[in-house]
Amino acid sequence: MRPEMTAASLDTAARTSAERGALARARLLRGLLPALSLALVLLAIAWLNPRAISYFGFSLMLNLAIPIALATIAQMFVIAGNELDLSIGTFVGFVGCVTATWLKDAPLIGVAILLGSIGIYALLGALIHLRNLPSIVVTLGMSFVWQGLAILVLPKPGGKAPDWLLGLMAFKPPFVPFPIIAALLIGLIVHFGLMRTSYGVILRGSGGNPAALGRAGWSLLRTKIVLFALAGLFGVLSGMALIGITTSADANIGNGYTLLAIAGVILGGGEFVGGRVSPIGAVIGALTLALAASPLLTFMHIPPDWQVAANGAILIIVLAARVLISRKER
Amino acid sequence: MPRGNADIIRLNGAEKHFGAVRALGGVDFHVGPGECVGLVGHNGAGKSTLMHMVAGTLVPDSGQIGVHGDIEDNYSVSRAQQLGIRCVFQELSLCPNLNVAENTRINHASLRGFGWRRKAAELIAAKLDEIFPGHSISASDIVGDLSIGRRQMVEVARAFTVTQDRLDLVILDEPTSSLDAHTAGQLLAFVRRFVAGGKSCILISHVLGEVLRNADRIVVMRDGKVVVADAATAFDRNRLVTAMGGAEARQKIAAQIAAAKPAASPLRVRARPAAQKDGTDLVACAGEIIGLAGLAGHGQTDLLLAIFSGASRARAGIEVTAPVALVAGDRQSDGIFPQWSIAENIGIRSLARLRSGLLISPQREAELAAFWQKKIGIRTPDMNNNIFSLSGGNQQKALFARALGSDAQIVLMDDPMRGVDIGTKLEVYDLVREEAARGRTFLWYTTETEELDNCDHIYVFKNGRIVANLRRDELTEEKIIQSSFGDAA
Amino acid sequence: MTSVRSLLTKPWIWSFIGALLVWLATIAFTGGYGGGGMVTAALSLAVFTVIVGVGQMFVITLGPGNVDLSLPANIGLASAVAMKVMDGNDSMIAVGLLAALACGAAIGAANYLLIWALRIPPIIATLSASFIIQSIDISYGRGLQIKPPPGFADFANWQVLGIPVLAILTVLFTVGAAIALQRMIYGRSVLAIGQNIRAAWLAGVNVGRIRFLTYTLSGALGGIDGALLAGYFRGANVDIGNEYLLASIAVVVIGGTSVAGGKANVPGVWGAALFLVLLLTMLNTFGVSAGVRLLLTGLIIVGVITAAGGQKALR
Amino acid sequence: TSGKKIAFSNNYAGNSWRQAMLDSYGIVTKKAVADKVVGAADIFTTADKEVPTQAAQVQNLILQGYDAIVINAASPDALNGAIKQACDAGITVVSFDGTVTEPCAYRVVVDFKDMGKQEVEQMAKFQPKGGNLLEIRGLAGTSIDDAIHAGILEGVAAHPEFKIVGSVTGDWDQTTAQKAVATILPSLPDIVGVVDQGGDGYGAAQAFAAAGKPRPTIIMGNRQDELQWWKEQKDKDGYQTWSASIAPGVSSLAFWVAQQVLDGRTDIPHDLLVPYLAFTQDDFEAELPKIPKGGVASHEYTQEDAIAAIKANIK
Ligand SMILES: Nc1ncnc2c1ncn2[C@@H]1O[C@H](COP(=O)(O)OP(=O)(O)OP(=O)(O)O)[C@@H](O)[C@H]1O
Ligand SMILES: Nc1ncnc2c1ncn2[C@@H]1O[C@H](COP(=O)(O)OP(=O)(O)OP(=O)(O)O)[C@@H](O)[C@H]1O
Ligand SMILES: [Mg+2]
Ligand SMILES: [Mg+2]
């Protein structure tokens with residue numbers, strides 16, 4: 001005796017659609033937060049140094065953000081699978097060293113090394129899954145491996161980026177600066193691949209509820225391998241982009257990217273567990289970090305002792321601003 | 001076996017061990033076309049384990065699986081899927097970070113290529129409309145934002161969606177445990193239509209009425225074995241309970257309660273829902289059992305949480321005068337500590353009392369666990385086993401033990417009987433009344449109307465507000481449904 | 001036999017096995033020469049990693065995303081504070097230690113304040129904080145190498161029968177930490193929060209207070225570590241804690257603590273700290289170049305963790 | 001050049017050498033600005049010796065419209081992209097200490113290779129019988145480390161009585177050096193001398209003392225604690241050694257070079273060799289009181305010094 005009361009349940013529907021509207025608004029706002037942070041930083045820069053807001057200014061301020069954005073995307077793939085990669089920075093450095101040496105002098109071998117390193121990333125994913133290892137330790141170990149290899153490839157700084165790469169990174173398209181186009185492209189391509197394609201759903205699902213994915217017949221080994229291989233791929237792109245800008249390499253060049261990339265993913269609205277990541281957010285997060293850490297700081301004329309502190313303070317302010325907004329939404 | 005009217009699935013002599021625990025000890029089980037098989041049994045009887053074999057997610061230690069008359073040697077999830085077998089697992093199997101349509105995609109390898117999002121959304125929306133008319137779930141909702149009841153609705157609907165693979169059998173493992181009476185009714189009506197259309201279904205539920213009314217054949221399990229299997233018409237409630245064992249002599253539901261209650265007992269809780277405009281309070285005194293009723297998700301849990309946090313810090317509109325404990329219903333997200341043993345899970349609320357000196361005494365912790373294992377019947381060889389070695393219902397019992405074993409004078413229960421078997425339920429009802437008689441106060445939100453029989457007072461909720469305040473002698477199911485659906489006061 | 005087998009299932013045993021193997025490999029290389037001295041050196045150096053490792057362990061146990069990246073900066077500042085307060089004066093040793101402890105605890109508390117009030121993920125909050133602390137340190141210590149009082153320096157180097165006294169004290173401290181973790185309400189609460197913060201709240205755990213205490217504890221241990229390091233290395237300096245950013249995390253996870261939170265163990269921190277120092281000893285003794293040394297360090301870490309394997313997931 | 005703006009790009013400020021470098025620069029430029037020799041001389045410091053951060057910083061300085069950039073670079077090659085952009089924008093770039101290889105920039109260079117070779121030459125005076133040497137190297141993968149190391153190898157080749165029996169990485173950091181030496185000492189035969197890269201001599205001395213090994217001849221690196229220790233040993237038993245390092249005040253020299261270029265001089269060679277700062281048994285005690293406690297020996301250059309140095313380099 002369970003009465004079907006359609007009229008009454010319509011009433012419930014009305015209630016919950018208002019509720020859903022609120023939820024959707026909240027989610028939209030949460031999604032826009034990274035963009036708001038970026039806008040905030042840009043406003044501050046425009047105010048401090050109006051000259052920077054120009055074609056030339058953006059080209060200069062943002063070109064080093066491209067490798068950061070690529071490394072952030074790499075980290076994002078790993079985080080999407082509930083893992084963390086502490087080796088991405090030294091990996092970028094290793095790729096940089098290979099790019100400035102083998103890729104220039106013996107392109108075929110260089111390409112083979114880079115493909116092989118993506119393969120190692122894929123193998124790491126498999127190892128982590130099969131042996132159920134904590135990715136933090138494995139990648140911590142790998143960070144030493146990559147740095148060691150980088151020093152072996154390039155015992156002292158030097159090397160030279162291949163000309164085609166130099167040409168690519170120095171490309172000056174009309175009207176819109178190259179870094180902005182590149183950032184847009186990276187964000188949109190990865191967004192489409194991860195958020196829109198049907199296998200992207202599976203990849204994100206493997207972070208959201210791996211058990212459920214397994215019960216639906218998907219191979220978790222495969223998702224992990226794919227996620228890590230993608231991380232490796234974007235790590236390679238990041239290293240190459242970086243060397244394209246700096247023109248030559250240094251074994252320690254990427255070390256700072258590990259933390260930057262994690263911070264970028266989080267700033268972009270990603271979370272450490274649960275497969276909640278956003279590619280566009282991650283790119284915006286990387287740009288925000290790159291702008292806040294350097295141009296903003298340089299334009300502010302802070303006494304040298306406190307410049308490092310200002311770096312931290314800017315990070316806190318940018319994130320705190322997000323909190324004020326998301327508080328309101330509650 | 002002739003192919004014509006072959007069973008959809010047949011298991012012969014299925015056995016499964018988890019370490020020392022024998023979950024299944026040689027089970028024969030089959031489902032024919034066009035039938036709804038009811039599967040009942042006490043918590044830990046092995047129902048879910050058996051269903052994992054049928055769905056291909058667990059491989060039996062020994063025994064044979066045949067599908068559509070052919071023996072399957074390499075049976076797996078994807079094979080089951082191809083052969084038209086789907087399962088709604090007891091533990092929710094949706095990805096909380098994905099939206100409803102994307103979750104649908106996970107179950108259909110063929111949903112890909114251009115336009116898959118639209119196809120998936122249409123597929124699930126149509127199925128939800130069909131099963132739960134007026135459900136108010138959109139295909140673009142993120143599952144993590146949905147209430148547990150709505151998630152269950154999505155998961156059920158998803159199991160019935162069809163793309164290119166055939167669909168012959170759907171396993172429903174306690175599908176109604178988080179649904180209110182109205183939605184559960186919609187689901188069961190759909191199951192009857194589904195079966196009438198020549199498809200098959202396995203229905204697991206601890207609400208025996210649901211099984212009796214909807215199954216064609218009922219299989220009763222006990223301690224890893226099938227004990228009886230017969231046409232549904234051959235059973236009544238008594239025979240089912242007897243067959244399940246353990247609760248034979250317990251038929252005196254809610255007969256004599258509240259006989260001798262102290263006249264003016266002290267006030268324990270006074271609480272007003274945040275959305276309440278008319279000044280109505282929920283009031284609970286020492287020794288009272290207060291029911292919170294109404295459709296799922298209409299503010300009952302919110303009020304319980306408000307009372308819970310009101311106990312440790314001042315909150316407007318909430319007055320709490322004694323220590324509080326909470327029995328979670330959504331045990332995965334609100335109750336269980338997955339790394340811990342059963343004993344540790346029980347002891348966490350009572351750490352201060354388990355100390356000798358500065359240190360927690362392992363001995364006292366073990367005593368507490370042993371006491372409640374006996375009192376509430378937690379089925380396990382060792383309370384030091386991990387909590388996840390327990391069946392779903394037994395995990396829930398451990399959460400009861402945590403609250404009742406604590407020093408709390410007020411116990412908040414958030415639809416706590418999800419997945420608890422009938423025998424245990426009756427025992428817990430007695431326990432609750434017994435503790436109430438000793439002066440404890442219970443605030444009990446439930447989606448199962450018959451449980452309200454145990455309460456002294458029932459507050460009916462709608463849209464986050466209290467819309468009716470019924471004494472037990474005024475209580476009828478019609479009245480609750482009427483207030484749940486009627487105009488908000 | 002069964003006891004050996006049950007020992008092998010302990011998550012921390014692998015770090016000790018790793019340490020032992022690395023040590024054996026080293027003395028095999030030197031033909032047994034210097035084995036004792038290596039252990040002494042390893043114990044003296046491991047102490048500093050263990051102290052911060054324990055603090056980091058409690059933080060990491062709070063659950064995914066919880067980590068204290070401000071330890072290096074914290075150690076640097078506290079080392080300067082301790083040395084400036086002691087000012088080369090033996091009578092001020094205790095005051096200096098207290099000052100370092102207070103400085104570290106204040107940093108920990110500030111970290112939690114950022115996390116709590118601004119809802120910033122711990123990893124970014126502590127990273128940002130570390131920049132600020134570094135600036136404070138530079139402007140306070142001016143990058144100068146400030147010397148410890150002789151009594152304190154001797155204490156940091158004091159050995160009895162080849163065993164550093166500091167190591168003995170640290171063993172006592174870690175025994176205490178292990179008891180706190182498993183047998184005290186504080187430790188149980190940390191473990192509960194790490195497994196499921198919402199369930200912990202609903203089970204009556206005072207989530208806010210425990211998290212605050214944990215970050216403060218980690219900070220305070222960083223502070224003490226800074227003072228001890230300055231004593232042992234004969235001087236405070238800004239960079240003195242740099243290697244503990246990775247090392248504090250590494251000893252925790254190599255030691256068998258779960259990065260997913262809710263599962264921790266203290267002995268593993270010792271095992272992993274000894275393992276890392278002996279690994280450095282081995283590679284220095286082999287005399288390999290920096291590149292090869294880094295490469296082997298990484299491969300051995302990955303190898304040990306692979307041999308130890310992960311835990312089987314339930315259901 | 002009174003209207004010209006000069007920026008200083010620095011990538012690290014956390015040790016005494018860098019602090020002394022910043023101090024010298026600050027003293028000289030403040031006066032230069034007050035005397036209206038230049039319009040502005042601002043200092044920009046990034047954290048943690050990161051190449052990409054410094055590259056970004058240089059690019060931002062371009063945007064700020066400076067006329068010249070004085071730079072202590074994190075990498076000799078990897079900043080070339082940014083340096084080239086600066087040159088293309090018409091900005092004068094003068095590098096020192098961490099110099100850059102981009103041809104358009106000026107380099108104030110210290111002959112590190114010669115310094116490494118001199119270490120062995122000096123060692124040969126103190127230990128005429130020769131014997132085993134321990135080498136402490138700097139930050140792996142950097143050009144300075146590479147140059148000093150090459151010099152030391154050259155020296156040892158010229159003095160076959162010496163043999164390098166152990167080599168560790170000290171990262172130019174006392175703590176790291178002490179730790180590395182402590183781990184390798186137990187396995188080493190007797191050591192007569194330690195050759196290093198500056199800043200790590202004191203840590204090495206501590207490690208020998210802690211391991212109870214006899215004190216070898218340790219080449220020092222001009223830090224106050226190194227010279228102080230040297231003095232103590234000398235007072236005790238006439239201990240002899242030698243000390244060399246690049247003077248932090250070379251930053252001020254780089255500043256004047258930039259000023260001279262902006263002043264329109266076109267005859268300045270792009271590579272300016274300046275001597276490193278060395279102390280011997282006879283003159284180090286005179287210098288010791290002038291160094292701040294915990295600091296490093298330095299020397300500020302004047303405009304005349306710079307003009308003289310330029311002249312010396314014009315062949
Ligand atoms: N992964 C596992 N590890 C150890 N024991 C397990 C595991 N899964 C199930 N068991 C045990 O197997 C037995 C059967 O469990 P199962 O989940 O099948 O019971 P159930 O009949 O579904 O009970 P409920 O009605 O409570 O859901 C129980 O004793 C349970 O403790
Ligand atoms: N109203 C709520 N609903 C759900 N979860 C909550 C709520 N309040 C707190 N929590 C959970 O508890 C965590 C800690 O919250 P909070 O700091 O307020 O707890 P607390 O300080 O222990 O509380 P109290 O001060 O009352 O003891 C939150 O991150 C959240 O997961
Ligand atoms: Mg079950
Ligand atoms: Mg129910």
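Values below: all heavy atoms of this structure, side chains included; hydrogens, waters and symmetry mates excluded. Note that the coordinates shown come from a computational prediction; the quantities given were computed from them, not determined experimentally. Throughout, a chain's letter reflects where its sequence line sits, starting with A, and its residues are numbered from 1.
- The ring of C:Trp201 has its center closer than 6.0 angstrom to the ring center of B:Phe308.
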Identify every side-chain donor-acceptor pair in residues 220-228 of chain C under 3.5 Å, counting partners at least two apart or on other chains, and give the distances.
none

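- Counting only distance, with no hydrogens or angles, the side chain of B:Ser93 and the backbone of B:Phe89 share no donor-acceptor pair below 3.5 Å.
- In this structure, a donor-acceptor pair under 3.5 Å is absent between the side chains of C:Thr126 and C:Asp68.
- Interface residue B:Ile336: only backbone heavy atoms are found under 4.5 Å from chain C.
- Under the 3.5 Å distance criterion, with hydrogens and angles disregarded, no donor-acceptor pair is assigned to the side chains of C:Thr214 and C:Tyr112.
- The parts of C:Ala200 that come within reach of chain B are both its backbone and its side chain, each placing non-hydrogen atoms under 4.5 angstrom from that chain.
- By the side chain to side chain contact (heavy atoms under 4.5 Å, CB included) test, B:Val59 is found to be paired with no residue, residues two or more places apart in sequence or in another chain being considered.
- At a cut-off of 3.5 Å, with distance as the only test, a side-chain donor of B:Ser48 or B:Asp173 sits close to an acceptor on the other residue.
- For residues 342-353 of chain B, the interface with chain C (any heavy-atom pair closer than 4.5 Å) comprises B:Glu344, B:Ile348, B:Arg349, B:Leu351, B:Ala352, sorted by residue number.
- No salt bridge links B:Glu155 with B:Arg150; every basic N to acidic carboxylate O contact stays at or beyond 4.0 Å.
- Ring-centre distance between C:Phe16 and C:Phe275: not below the 6.0 Å cut-off.
- For residues 324-334 of chain B, a heavy-atom distance under 4.5 Å to chain C picks out B:Leu326, B:Gln332, B:Ser333, B:Asp334, given by residue number.
- Residues C:Gln195 and B:Gln339 have side chains that never bring a donor and an acceptor to within less than 3.5 angstrom of each other.
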